[in-house]
Amino acid sequence: MSLDNTPEQSQLGRASAYADQYDPTLLFPIARATQRAALGIADGALPFFGADLWTAFELSWLNPRGKPQVAVAHFTVPCETPNIIESKSFKLYLNSFNSSVFADADAVRERLKADLAEAAWRGSERSGGIGVKLLAPQAFAREAVQELEGLDLDRLDIECTHYQPAPELLRSDASLPPVEETLTSRLLKSNCLVTGQPDWGSVQVRYSGPPIDQAGLLAYIVSFRNHNEFHEPCAERMFWDIWRQCRPTQLSVYARYTRRGGLDINPFRASWPQALPANTRTARQ
């Protein structure tokens with residue numbers, strides 16, 4: 001059983017009153033199945049593993065004496081969850097903590113885990129958890145800034161003529177010996193599905209198999225520039241197009257989008273089970 005929620009029903013693009021008292025009903029889940037079906041990915045038979053790594057930079061609440069507390073939060077939403085959580089609703093939900101009293105950071109973390117898990121798994125016969133890590137102010141100085149590792153595709157002087165996803169630009173050469181490569185670009189841009197606002201990001205493609213034409217891959221990444229889709233489906237579209245067009249033996253796609261409303265979303269998809277990348281922000285984040 002899937003949700004009937006659509007992006008158009010969410011708070012995106014609407015004037016919103018900011019609730020400052022805790023309100024979990026603000027969370028607005030949207031089923032992943034619709035977009036995956038459009039790509040030809042069967043529900044319950046995902047061709048990838050991974051998660052969506054979120055960072056919240058605007059989390060605050062009151063302690064029992066009424067003193068404001070602040071933290072940075074890292075969230076891990078498994079890609080197996082039937083729903084994404086629409087980002088503006090997530091922002092409104094987090095703001096509802098602002099004037100609410102919690103005993104301590106552990107109480108906040110447990111509340112976040114319960115509410116986000118309920119929303120992400122809503123409408124499913126399955127259930128599971130959401131990873132939540134809170135960083136206290138004394139740990140802020142240890143938060144690193146690091147660019148995605150790999151060979152920079154942006155060095156290539158290419159002509160770009162496609163600004164909607166063009167998988168036909170992707171190609172590999174099966175006549176050459178297989179390689180292992182990690183390729184990166186900072187030229188990822190897509191737009192919000194509802195508001196059309198720009199979403200800026202960097203992407204890392206790691207693969208083994210026939211050499212992928214680097215110019216074609218960069219042109220393909222650029223082709224998302226006028227595409228309207230949420231972050232998570234964009235990453236899955238990239239993974240699925242590269243997987244089908246280039247036929248690597250192993251593939252991972254990791255996109256890190258710049259924050260909006262104090263939240264960044266960083267989807268990671270891989271063809272084999274592995275440890276998730278560290279949720280380390282890039283300079284633009």
Side-chain angles (χ1 to χ4, degrees), residues 35 39 47-48 50 52-53 144-193 195-260 264-271 277-285:
Q35 175 271 340
L39 291 177
F48 43 68
D52 307 321
L53 310 178
V145 175
Q146 181 178 318
E147 296 302 291
L148 294 172
E149 66 172 12
L151 181 62
D152 186 9
L153 292 172
D154 303 343
R155 76 190 192 285
L156 301 174
D157 183 17
I158 65 168
E159 182 178 5
C160 298
T161 57
H162 294 75
Y163 300 106
Q164 291 289 343
E168 65 272 16
L169 296 171
L170 296 165
R171 53 191 175 272
S172 62
D173 191 343
S175 68
L176 297 176
V179 299
E180 294 184 5
E181 284 189 320
T182 301
L183 307 171
T184 64
S185 173
R186 298 178 180 86
L187 301 187
L188 174 61
K189 174 191 169 291
S190 54
N191 302 317
C192 174
L193 178 63
T195 67
Q197 291 181 319
D199 294 319
W200 305 94
S202 300
V203 63
Q204 178 190 71
V205 175
R206 191 188 304 270
Y207 77 96
S208 302
I212 293 176
D213 178 72
Q214 294 181 10
L217 177 58
L218 179 58
Y220 169 74
I221 292 169
V222 170
S223 76
F224 278 73
R225 194 166 184 85
N226 290 337
H227 180 58
N228 294 346
E229 198 166 42
F230 292 143
H231 301 23
E232 302 94 330
C234 279
E236 294 184 359
R237 183 181 296 274
M238 284 189 185
F239 177 95
W240 194 228
D241 285 346
I242 297 169
W243 185 255
R244 291 188 298 178
Q245 295 288 118
C246 301
R247 300 189 179 279
T249 55
Q250 289 188 321
L251 173 67
S252 69
V253 172
Y254 184 26
R256 292 200 63 90
Y257 281 91
T258 59
R259 76 183 78 163
R260 184 185 295 165
D264 65 37
I265 310 172
N266 310 286
F268 176 77
R269 302 292 184 269
S271 62
N279 192 1
T280 303
R281 68 185 179 95
T282 64
R284 289 195 298 167
Q285 293 183 296

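From a predicted model like this one, the values you see are computed outputs, not experimental measurements.
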Requested in this report: Evaluate the side-chain contact (heavy atoms from CB on, under 4.5 Å) criterion for residues Glu232 and Gln35: first the C-alpha distance (whole Å), next the side-chain angles of each, then the deciding distance (0.1 Å), finally the verdict.
Outcome: CA-CA 10 Å; Glu232 302 94 330; Gln35 175 271 340; over 6 Å; no
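- In this structure, the separation between CG on Leu188 and CG on Asp199 is 9.0 Å, given to the nearest 0.5 Å.
- Put simply, CD1 on Ile212 and SG on Cys246 are 4.0 Å apart, with the number rounded to the nearest 0.5 Å.
- Looking only at distances, no side-chain donor or acceptor of Tyr220 sits under 3.5 Å from a matching main-chain atom of Asp241.
- Of the possible donor and acceptor atoms, one in the side chain of Gln204 sits under 3.5 Å from a partner among the backbone N and O of Glu149.
- When all heavy atoms of Pro210 and Pro248 are compared, the pair lying nearest together is CD-CA, 4.3 Å.
- Classified by interplanar angle (parallel below 30°, tilted 30° to 60°, perpendicular above 60°), the ring pair Trp243/Phe239 is parallel.
- Between the side chain of Asp173 and the backbone N or O of Pro211, no donor-acceptor pair lies under 3.5 Å.
- To the nearest 0.5 angstrom, Asn191 atom CG is 8.5 Å from Trp200 atom CH2.
- Within 6.0 Å of CD in Glu168 there are more than 12 heavy atoms belonging to other residues, nucleotides or ligands.
- One finds the CG atom of Leu156 at 8.0 Å from the CG atom of Leu151 (value rounded to the nearest 0.5 Å).
- With hydrogens and angles ignored, the 3.5 Å screen pairs a side-chain donor or acceptor of Arg171 with a backbone N or O of Leu169.
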Report task. Please step through side-chain contact (heavy atoms from CB on, under 4.5 Å) for the pair Val205 and Leu251, ending with a clear verdict. Result -> CA-CA 7 Å; Val205 175; Leu251 173 67; 3.8 Å; yes
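- Without hydrogens or angle criteria, Arg284 side chain to Arg186 main chain gives a donor-acceptor distance under 3.5 Å.
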Report task. In sequence, state the C-alpha distance, the side-chain angles, and the governing distance for Leu218 and Leu183, and then conclude on side-chain contact (heavy atoms from CB on, under 4.5 Å). Result -> CA-CA 9 Å; Leu218 179 58; Leu183 307 171; over 6 Å; no
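- Thr249 contributes a side-chain N or O that, together with a main-chain N or O of Ser208, makes up a donor-acceptor pair within less than 3.5 Å.
- Side-chain N or O atoms of Gln164 include one that pairs as donor or acceptor with a backbone N or O of Asn226 at under 3.5 Å.
- A donor-acceptor pair is defined here as one N or O able to donate and one able to accept, closer than 3.5 Å; no such pair exists between the side chain of Arg225 and the backbone of Leu187.
- In terms of modelled atom types and a separation under 3.5 Å, the side chain of Gln250 and the main chain of Ser271 share no donor-acceptor contact.
- The CG atom of Asp213 sits 9.5 Å away from atom OG of Ser172, with the distance rounded to the nearest 0.5 Å.
- Without hydrogens or angle criteria, Ser223 side chain to Ala166 main chain gives a donor-acceptor distance under 3.5 Å.
- In this model, a donor atom of one side chain and an acceptor atom of the other lie less than 3.5 Å apart for Thr182 and Arg206.
- Using a cutoff of 4.0 Å between basic side-chain nitrogens and carboxylate oxygens, Arg269 and Asp52 are scored as salt-bridged.
- To the nearest 0.5 Å, atoms OG (Ser252) and CD1 (Ile242) are separated by 9.5 Å.
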